[in-house]
Amino acid sequence: MMQITFKDGNVKSFDEGMSPEEIAGAIAPGLKKKAVAAYVNDELYDLNRPIYQDAKLDIITKDNQEALEVLNHSTAHLMAQAVKRLYPDAKFGVGPAIKDGFYYDIATEHTITDDDLPKIENMMRRIVKEQESMMREEISQAEALARFKDDPYKRELIEELPEGEIISIYTQGEFVDLCRGGHIGNTRHIKHFKLLSVAGAYWRGDSDREMLQRIYGTAWFNKEALEHHLKVLEDRKERDHRKLGKELKIFMLDKRAGQGLPIWLPNGYTIRRTLEDYVYNLERKNGYLHLSTPVLGTKELYQISGHFDHYQDDMFPLMKDKDETFVLRPMSCPHHMIVYNSELRSYRDLPLRYAEIVTQHRYEASGALSGLERVRAMTLTDSHIFARKDQIKTEVLNAYRLILQVIKDLDLTIDYIELALRDKTKGKFHDDDKLWDEAEATLKQLLDEENIDYHEVKGEAAFYGPKIDIQVRTAMDHVITMSTVQLDFLLPERFDLTYIGKDGEKHRPVVIHRGLISTWERLMSILLEQYKGAFPTWLAPTQMRLIAVNQEAHGDFTQNLHEQFIDLGFRSSIDLREEKLGYKIREAQTQKIPYQLVIGDNEVKNNTLTYRRYGQKEQTTVSVQAFIDMINNEIKHKTKHAE
Ligand code: TSB
Ligand code: ZN
C-alpha cells in the first residue's frame with residue numbers, strides 16, 4: 001500500500017500502481033469524471049500514469065486553469081497520430097499547447113492545405129473511438145535515439161538533453177511520440193476539437209533551417225465552450241487590422257517597398273493627421289515644446305549615446321561613404337540631447353519638455369513583423385523631458401496622467417502597468433550599478449506612493465534606464481506596449497548635460513523619455529481592431545457622404561452643402577458618379593462612413609437633411625443647422641457610437 005496525501009491534508013492508503021484516474025474514481029465517481037491530469041509531488045502526471053510510492057497528490061480537474069492546457073496538448077498528440085496515418089512519411093517537430101489551443105509542426109512531402117483539415121479531423125475522431133491509451137515509458141538517451149532513428153527533428157531534441165537524462169516517450173496505438181508528459185490518458189476523453197489553420201514555421205524558429213508545416217487547432221471540454229471560442233475567433237478575423245486596413249484603404253504593404261515599411265493610404269493618413277492635431281494640442285496645453293530633427297545622424301552621435309554599443313541589433317546597417325558614416329536613427333533621444341546642450345541652462349529653465357512626432361527605423365526581425373502592429377518604419381509620439389532631480393516625481397506623474405487621458409479619449413483598455421527593470425546578467429544594459437539602483441528605486445517608490453498597481457519584469461528595461469510601460473489588451477487579445485515613461489540618468493552623463501543651479505554651480509539634469517501613445521502604426525492597428533473599422537466621427541477619414549437622388553434636380557443643393565461642410569472643417573465627400581442610388585448607399589455603408597445623407601426633393605424644398613447613421617436602419621430628417629450642431633458636438637466630445 002502507499003500513502004497518498006491530498007491537497008486538503010487528508011491522507012489515504014491505496015494500492016501501489018494506481019493512477020490518478022483510478023484514485024479519483026476510488027474517492028468519488030464524480031471526481032473521476034472531472035479529472036484531467038494530476039500533480040504528483042508537484043510533477044505533472046498523466047491521468048493514467050501509475051504512482052508507486054507515497055506521494056502528495058493534487059488532481060487537476062476540468063475546473064482548473066491547467067486542465068485546458070493538458071487537453072490541448074493531448075489533442076496535439078491525437079492530431080499527430082492522425083496525420084501520420086494519412087501521410088506516413090510525416091515527421092514531427094514540436095507540438096505544444098498554446099493559449100486556447102495547440103499546434104504541431106510537421107514535415108511531409110504532402111502539402112497540407114485547409115481542405116485537408118476535415119480529413120485529419122475525421123481521422124482524429126476515429127482514433128478517439130478506438131480509445132487509445134497514451135502509455136508512458138521511460139528510456140535512456142541511447143535507446144531514445146534508436147527509437148527515433150528516422151526522425152531527425154526528434155533526434156535533434158534528444159541529443160540536446162543533458163547526458164544521462166531519462167527520456168519519456170508515449171505510445172498511443174501505433175504512434176510513438178517524445179514528450180515530457182501531462183496528458184489526459186486516453187484519446188476517448190478528447191471530444192470537442194477543431195483544426196483551425198495551416199501555416200509555415202521554420203524549424204526552431206530559425207529562418208536558416210527548413211520550413212515545416214504547422215497545423216493549429218483548439219480543444220475544449222464541452223460543445224458550448226468550443227462553439228463560443230469559434231465565434232470569438234470569427235469575430236477576431238473580422239477585426240484583424242490587416243484585413244480591415246486593406247478593405248478600408250488605410251495602409252498597404254508591398255514587398256518592393258520593403259518588409260515592415262508600410263505605406264499610409266489617403267484614408268489612413270487622414271486619420272493620422274487628425275490624431276497628430278489632437279496630440280499637438282494636448283501637448284501644447286501641457287507645456288511641451290515641439291521641434292523637428294532629421295532621420296539620419298552620424299555614427300559618432302550614436303556612439304556617444306551608447307545606442308551603438310547596446311542597441312545595434314535593432315538598427316539598420318550603417319551607411320558608409322568615404323569619410324562619413326551615417327545611422328538611420330532608431331530613436332530621437334540623442335538629437336534632443338544636443339538641443340538641450342546648445343544653450344546654457346539654468347535651474348529656472350527646467351523642466352524643459354521637448355516633444356516631437358518622430359519618424360524612426362528599427363531593424364525588427366522579419367518573423368516578428370505583423371501588419372502595422374510591429375513595423376520597421378514608425379512614427380512615435382515622443383518626448384524628452386529635462387528636469388532637476390527634485391522634479392522627477394511631478395514630471396513622471398504628469399506624463400503618466402497625460403497618457404491616461406489619451407488612453408481614455410481613445411477608448412483603450414489598460415491591461416496592466418509594467419515596471420521594466422534591468423537584468424544584470426545581460427549585456428544589453430549600461431553597467432553603472434549606481435545609476436541603475438537609483439533610477440529603479442525612484443520609479444518603484446513613486447509607483448508605490450501613488451498606489452499604482454504594477455508588475456515588475458526584469459530584463460525589459462531600456463539600455464539607458466528603467467521604464468513604466470502601459471500595456472494594453474487589443475481586441476485580438478494581444479497584450480502590447482502602448483505608452484512608456486522612462487527614467488534616464490545615463491544620457492545626461494554621456495552628453496555631459498548641465499544646468500546652473502541656485503548655488504551658481506553646475507548640476508546634472510535627468511531625462512524622462514516619454515512615448516505618449518506609441519507609434520501611429522501600432523496605434524492604428526489597435527484602433528482599427530477596436531472599432532472594427534467603424535471610426536467615431538471625430539476620427540473617421542470621411543465623416544459624411546452626400547448622395548443626390550437625382551443629379552439634375554438636387555445636384556446644386558448637394559454641392560453647396562458639401563462646400564459648406566468643408567468650410568466648417570468637416571471631412572465631407574460627395575458621390576457624383578453615374579451609379580444607381582442603391583449602389584451608392586451600399587458603398588457608403590461598406591466604407592463604414594458615419595453619416596450617409598441622401599438628398600431629394602424634400603431636402604431641397606425645406607432646406608433639411610435626411611441622415612442615416614452607420615449601422616442603423618432608421619433615417620432622421622433635421623434642419624441643416626441641427627445637423628451641423630450635432631456633428632460639431634460629436635467631434636468636440638469624441639463621441640463613440642455603438643456598432
Ligand atoms: C519614448 N527613446 C524612447 C522614447 O523617448 C523609446 O524609443 N522607447 S521605446 O523603445 O520603448 O519605444 C517607444 C514605443 O514605440 C514603444 O512603447 C512601442 O509602443 C512603440 N514601438 C516600439 N517598437 C515598435 C515597432 N517595431 N513597431 C511599432 N511600434 C513600436
Ligand atoms: Zn528617448
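Just so you know, ligand 1 is whichever comes first in the structure, and atom 1 is the first atom listed for that ligand. Please read all numbers here as calculations on a predicted model, not as lab measurements. These numbers come from the heavy atoms of this one structure, side chains and all, not from hydrogens, waters or symmetry mates.
A perpendicular orientation is assigned to the rings of Tyr354 and Phe386, their planes being inclined by more than 60° (bins at 30° and 60°).
Nearest protein neighbour of atom 28 (C) of ligand 1, counting heavy atoms only, is Thr519 OG1, 3.3 Å. In this structure, the protein non-hydrogen atom closest to atom 14 (C) of ligand 1 is Leu380 CD1, 3.6 Å. Summary of contacts: the protein heavy atom closest to atom 5 (O) of ligand 1 is Asp382 OD1, 2.6 Å. Atom 24 (C) of ligand 1 has its closest protein heavy atom at Met378 SD, 3.5 Å. Protein heavy atom in closest approach to atom 26 (N) of ligand 1: Glu364 OE2, 2.7 Å.
A donor-acceptor contact closer than 3.5 angstrom is absent between the side chains of Tyr363 and Gln312. With no hydrogens or angles considered, no side-chain donor-acceptor pair links Asp349 and Tyr340 at under 3.5 Å. There is no side-chain donor-acceptor pair under 3.5 Å between His637 and Thr639. Using modelled atom types and a 3.5 Å distance limit, the side chains of Trp203 and Glu156 yield a donor-acceptor pair. For the residue pair Asp469/Thr484, the side-chain donor-acceptor check at 3.5 Å is satisfied. A donor and an acceptor atom, one from each side chain of Trp436 and His430, are located under 3.5 Å apart. Side-chain contact, Thr293 with Glu356: a donor N or O sits under 3.5 Å from an acceptor N or O.
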- Message: Under the criterion side-chain contact (heavy atoms from CB on, under 4.5 Å), I'd like the reasoning laid out for Trp264 against Glu521: C-alpha separation, chi angles, the key distance, then a yes or no.
- Response: CA-CA 9 Å; Trp264 288 76; Glu521 287 72 18; 3.2 Å; yes
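The shortest heavy-atom distance from Tyr464 to ligand 1 is under 4.0 Å. Proximity of Arg376 to ligand 1 is not established, as no heavy-atom distance is less than 4.0 Å.
Residue Arg362 places at least one N or O, backbone or side chain, under 3.5 Å from an N or O of ligand 1. Below 3.5 Å of separation, one finds an N or O of Val375 facing an N or O of ligand 1. Considering backbone and side-chain N/O of Ser518, one or more are found under 3.5 Å from N/O of ligand 1. Residue Gln486 has at least one nitrogen or oxygen atom sitting less than 3.5 Å from a nitrogen or oxygen atom of ligand 1, judged on distance alone. Residue Ser483 has no N or O atom closer than 3.5 Å to an N or O atom of ligand 1. Looking at ligand 1, you won't find any N or O of Glu521 less than 3.5 Å from one of its N or O atoms.
Note on His513: its N/O/S atom closest to the Zn ion (ligand 2) is ND1.
Distance check on atom 18 (C) of ligand 1: some protein heavy atom falls below the 4.0 Å cut-off.
Those atoms of ligand 1 that come under 4.0 Å of a heavy atom in Cys333, given as number and element, are 2 (N). Atoms of ligand 1 lying under 4.0 Å from any heavy atom of Gly515, numbered from 1 in the order shown and given with element: 1 (C). For ligand 1, the atoms lying closer than 4.0 Å to a non-hydrogen atom of Thr481 are 17 (O), 18 (C), 19 (O). Using a 4.0 Å cut-off to heavy atoms of Glu373, the atoms of ligand 1 that qualify are 27 (N), 28 (C). For ligand 1, the atoms closer than 4.0 angstrom to any heavy atom of Arg374 are 26 (N), 27 (N). Interface of Arg514 with ligand 1, defined as ligand atoms under 4.0 Å from a residue heavy atom, comprises 1 (C).
Asn286 places a side-chain N or O within donor-acceptor distance of the main-chain N or O of Leu282, the cut-off being under 3.5 Å. Under a 3.5 Å cut-off, the side chain of Arg329 and the backbone N or O of Thr359 do form a donor-acceptor pair.
The side chain to side chain donor-acceptor pair (under 3.5 Å) with His384 is formed by just one residue from the set His336, Arg353, Gln486, Arg514; it is His336.
Pro330 is not listed as a side-chain neighbour of Asp314, based on a closest heavy-atom distance of 4.5 Å or more.
Contacts between His384 and ligand 1, counted as non-hydrogen atom pairs separated by less than 4.0 Å, involve the side chain only.
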